[in-house]
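So the structure is just underneath, and the comments pick up after that.
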2 protein chains.
Amino acid sequence: MWRRPTLKQVAEKAGVSLGMAGRVLGNYGYYSKSTKKKVLDASKAINYTPNVIARSLRTRLTRTIGVLISDITTFFWTTLVRGIQDKAGKAGFSVILCNSDEESENERLYLSTLFERNVDGLIVSPTLHNHSYLKKLARGMVPIVLVDRRVKGLRVPTIKTDNQAGAYEAVNHLIALGHDRIAIITGIAGVETSDERFAGYRKALEEKGIPFRKTLIKEGNFQKDQALAATKELLRMKRTPSAIFVCNEPMVSGCILALKESGLRIPEDIAVIGFDDPVWASYTNPPLTTVSQPSYTIGILAFDYVLAQISNIKKDRKYLEDVILKPTLVIRESCGIRLKDHEVHPAQKNP
Amino acid sequence: MWRRPTLKQVAEKAGVSLGMAGRVLGNYGYYSKSTKKKVLDASKAINYTPNVIARSLRTRLTRTIGVLISDITTFFWTTLVRGIQDKAGKAGFSVILCNSDEESENERLYLSTLFERNVDGLIVSPTLHNHSYLKKLARGMVPIVLVDRRVKGLRVPTIKTDNQAGAYEAVNHLIALGHDRIAIITGIAGVETSDERFAGYRKALEEKGIPFRKTLIKEGNFQKDQALAATKELLRMKRTPSAIFVCNEPMVSGCILALKESGLRIPEDIAVIGFDDPVWASYTNPPLTTVSQPSYTIGILAFDYVLAQISNIKKDRKYLEDVILKPTLVIRESCGIRLKDHEVHPAQKNP
DNA sequence: TTGTACGCGTTATCAG
DNA sequence: CTGATAACGCGTACAA
C-alpha cells in the first residue's frame, strides 16, 4: 500500500535537514530565502502534505471538536449543527458528530470515544440521566459547552433559548384567541427544555386564571409516534381540548397526523401551536403557528464559546456565562384569527 | 493544564514494564493472570484511557471516515448521513462531516483537510466541477465511495438511486392523469442526478408522444429560492403549464410557496410532483405526490462499502460495483385523482 | 541561519 | 511470560 510522503523525505529531496524543512513548512523560526525555495520546491515535487496525526501527538492539539446531540434528523438539531460546522470550518476545525437518541448509555459511550480521540472541545446536549461521566470530563479534562439544556450542578457555559418565555407566549396567544381548554404534549419530563416549556404553559394559565387540568397534560418523548398516540388519547376525552400546545417539531408532526386521521379541522375544531419552526410549517394546512428558536445562532455561539475556552480567552468573563436567546412567536393560521383585545376570553382575570 | 495518564504511568503504578502494560490493556501477546490483575488495577486507579492519536500514528489507522456532502440541512442528506453514522458508530468509527454547498472550491478544501487528517475512508457526493483532486485521492491514496452521483472517468463504487426511473415514473403518472403541459424544474445541469432526472422526464414525454417544449424547462440549483423564481416565471407564460415536476425537496418548497403566493390551487389549477419524500410531504395542502429515495439505506450501504475497502475485502468483487437503488412513487394528492386507464390523455400514442 | 536530538504515547519486535 | 527498545512523523530547545 501507498505511503504518504514525510517531512524527512522533503528534507532529503531539498538537501536540508529535517528541522529546516519543518521550519519553512511550518513557517516559524529562521530560514533563508534560498532554503525556503528549495524546501517548497521539494515539497511540491513529492506532493507533501503534513501528517496531522503526528502533529497532534506532539502539540496535544487536534483542531477537532466533538458534537453530541440527540438526533441530527430533527430540524432544530440539523440547523444548529450546520451553525457549528460553518463556524468550525472557517476556524480550521473539524467536527465529529454523534447522535445520542436521548439515551444516557449512548451519551456515555460517545463521550468517552470523543475524549479518547483527544478532541479539543465538546459541544453537548445532555440526556436526562447519569451525567457522572460528563461531569467528570467537565472537571478540567476538556472544554465543554452545553446547548439547549443545562445540567444541574454542572458549571459549564450553556447556550439555549428561553423556553419558558416561548411557551408562555404561545399559550398566551391561545388564550387571547379565546381558548380555555388548552392541552399540552410535553417532552420528556426532567429534561430542562421540557420542564421550562411546561412551566411557561402553567404560568400563562395561572396568570389568566384558567383552570389547570391534569387530564390535558400528556407527556411525550420528543418523538412523533408518541405524540400521535397522545393526541388520540386527548381526542377520546369526553370534553376534548379546544387547543393543543405541542412542545417540539417531530411531535407536532405526530399531532397533526392524528388530527387528520380523526377528520378534525384545524383550527375550526381544534387549534394547534408548535415549538420549532421548520420549513414545512408554512405548508401545512393550515400553516402552523409556532414558536421559533434561533437554532443556527445557537450553533454559531456554541462554537465561539468552546473556541474561547480552547484558546483560553477566559480573561473575557463573557465566555463563562450562559447565553439565553429569545424565541419568537410566528403567527400563521393554525390557531385561528386573532381576536381584538376586547374580545379576549372572559375567564381572563388579571389584566 | 491537566494531562491524561499514559501507559507508562500505568506500568509504573503496576510495577511492570511498559510493554507488559501495553499487552494486557491491548489484549495481545502473553501475560500471566497476576500481571493482568496488577495492570488492570493500576489502570483503573489512575483512570487510564488509551491515547488514540498516538495509536493512530503507530498503526496508521484512525478509525475515522470523512463524509462530504452538499448540505446536511436538506432531508435527503440528513437521513443519508444518519444512516452512515448509525452504521459507523456500531463499527467503532467516528465520522467527520463537511458541507460543500455544491462549491468545488469547498470540496477541494475539505477533501484535503480530510486527507491530511488521515481518515481511513471517504464518502463523497461530488460537486459539478474540477474533480482533479478527488481523482488524485482515488488513485490508491484513500478508499472512497461516492453517493448519489458518479464522476465521469472515476472508477469508484457508487451508491445511488435510479434517478431516471424515478423521474420517468413521476412524469408518467402526470401524463396518465391527463397532463400534457408538464414543466420541469431541474437541478444544476451537469450534475448526474439532475441530468438523469431530466432524461427520465424527456423519455416519458417522448414515449407518449407529448411535445417537448423548451419553455417548460427551468434550471434550478437544488435550492429553494431559485425554484421559487423559476415557478414565477413559469406562471408568467401566456399558456401556463398544467403540472410541474420539481427535482428535489428544497425546490419543491420554493415551488409550492410561489404557487401559494399566486393564489393557484393545487391540483385544481396546477399539479405538482416532487422528488424526495420528507416528513412534511404528508402535511402540505394538498399532500405531496413525490418520488421517494431510500436515502437512509444509501448511507448504510455507503459505509459498508468503504469499510469493505478499508478492510481490504476486495476478494468480494461485489464491493467494487455500483449499487443503484430503485426509487418509489408515493402518490398523494398534489396531482389530482388518478384516472381510470381508459381515460388517459389522448396524446398518448405508444401503448 | 542551520543541524541535532529528544519527546509526544503507542505498538511491535527481539532477546532473554 | 517479561523487559528493553525501535519505530511512527513532527515540533522545538539547544548547540553550532
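When reading the values below, keep in mind they use all heavy atoms of this one structure, side chains included, and skip hydrogens, waters and symmetry mates. The chains referred to below are lettered A, B, ... by the order of the sequence lines, with proteins before strands, and numbering in each begins at 1.
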- Item | From B/Arg155, B/Lys160, B/Arg150, residue fulfilling salt bridge (Lys or Arg N to Asp or Glu O under 4.0 Å) relative to B/Asp322 | B/Arg150

- Span of DNA chain D in contact with chain B (heavy atoms, under 4.0 Å): D/dC1 to D/dG9

- Query: Does NZ belonging to B/Lys135 count more than 12 external heavy atoms closer than 6.0 Å?
  - Reply: yes

- With a 4.0 Å cut-off on heavy atoms, is B/Tyr30 in touch with a base, just the backbone sugar-phosphate, or nothing at all? base

- Message: Using a 4.0 Å cut-off on heavy atoms, which residues in residues 7-15 of chain A reach DNA chain C? List them by number, or say none.
- Response: none

- Query: Going through the checks in order, is the side chain to side chain donor-acceptor pair (under 3.5 Å) test met by A/Arg23 and A/Thr35?
  - Reply: CA-CA 10 Å; A/Arg23 271 182 283 249; A/Thr35 52; over 6 Å; no

- Message: Taking the nucleotide of DNA chain D with the nearest heavy atom to each, does B/Ala54 or A/Arg55 sit closer to the 5' end?
- Response: B/Ala54

- Query: Are any of A/Thr35's side-chain N or O atoms less than 4.0 Å away from OP1 or OP2 of C/dT2?
  - Reply: yes

- Task: Return the minimal non-hydrogen interatomic distance between A/Val10 and A/Ala21, and the atom names on each side.
- Result: CG1-CB, 4.5 Å

- Name all pairs fulfilling the ring pair (Phe, Tyr, Trp, His ring centres under 6.0 Å) condition that reach into residues 9-35 of chain A, sequence neighbours left out, sorted by first residue then second. none

Using the 3.5 Å cut-off, write out each protein N or O paired with an N or O of nucleotides 12-16 of chain C and the distance between them.
none

- Task: Just grab all the ring pair (Phe, Tyr, Trp, His ring centres under 6.0 Å) pairs involving residues 62-102 of chain B, residues at least two apart or on different chains.
- Result: B/Phe93-B/Phe303

- Task: Please indicate whether A/Lys13 has more than 12 foreign heavy atoms, meaning atoms of other residues, nucleotides or ligands, lying under 6.0 Å from its NZ.
- Result: no

- Taking every non-hydrogen atom, the tightest pair across A/Val156 and A/Ala138: CG2-CB, 4.0 Å

- Note on the structure: Contact check, residues 37-52 of chain A vs DNA chain C, heavy-atom distance under 4.0 Å, returns none

- Which whole-number value in Å describes the distance from A/Leu57 CG to C/dG7 P? 14 Å

- Nearest-angstrom distance from the residue atom CZ of A/Arg60 to P of C/dG7: 13 Å

- Item | Short side-chain N/O contact from B/Thr6 to OP1 or OP2 of C/dG9, under 4.0 Å | no

- Item | Under-4.0 Å salt bridge between A/Lys87 and A/Asp304 | yes

- Message: Please find the pair of heavy atoms, one from A/Pro126 and one from A/Arg149, that lie closest to each other, and give the distance.
- Response: O-NH1, 2.8 Å

- Message: I'd like to know if A/Arg82 and B/Asp101 make a salt bridge, using a cut-off of under 4.0 Å between side-chain N and carboxylate O.
- Response: yes

- Item | Beyond-backbone contact of B/Thr78 with A/Ile72, side-chain heavy atoms, under 4.5 angstrom | yes

- Query: Does a donor on one side chain sit under 3.5 Å from an acceptor on the other, for B/Thr62 and B/Asn118?
  - Reply: no

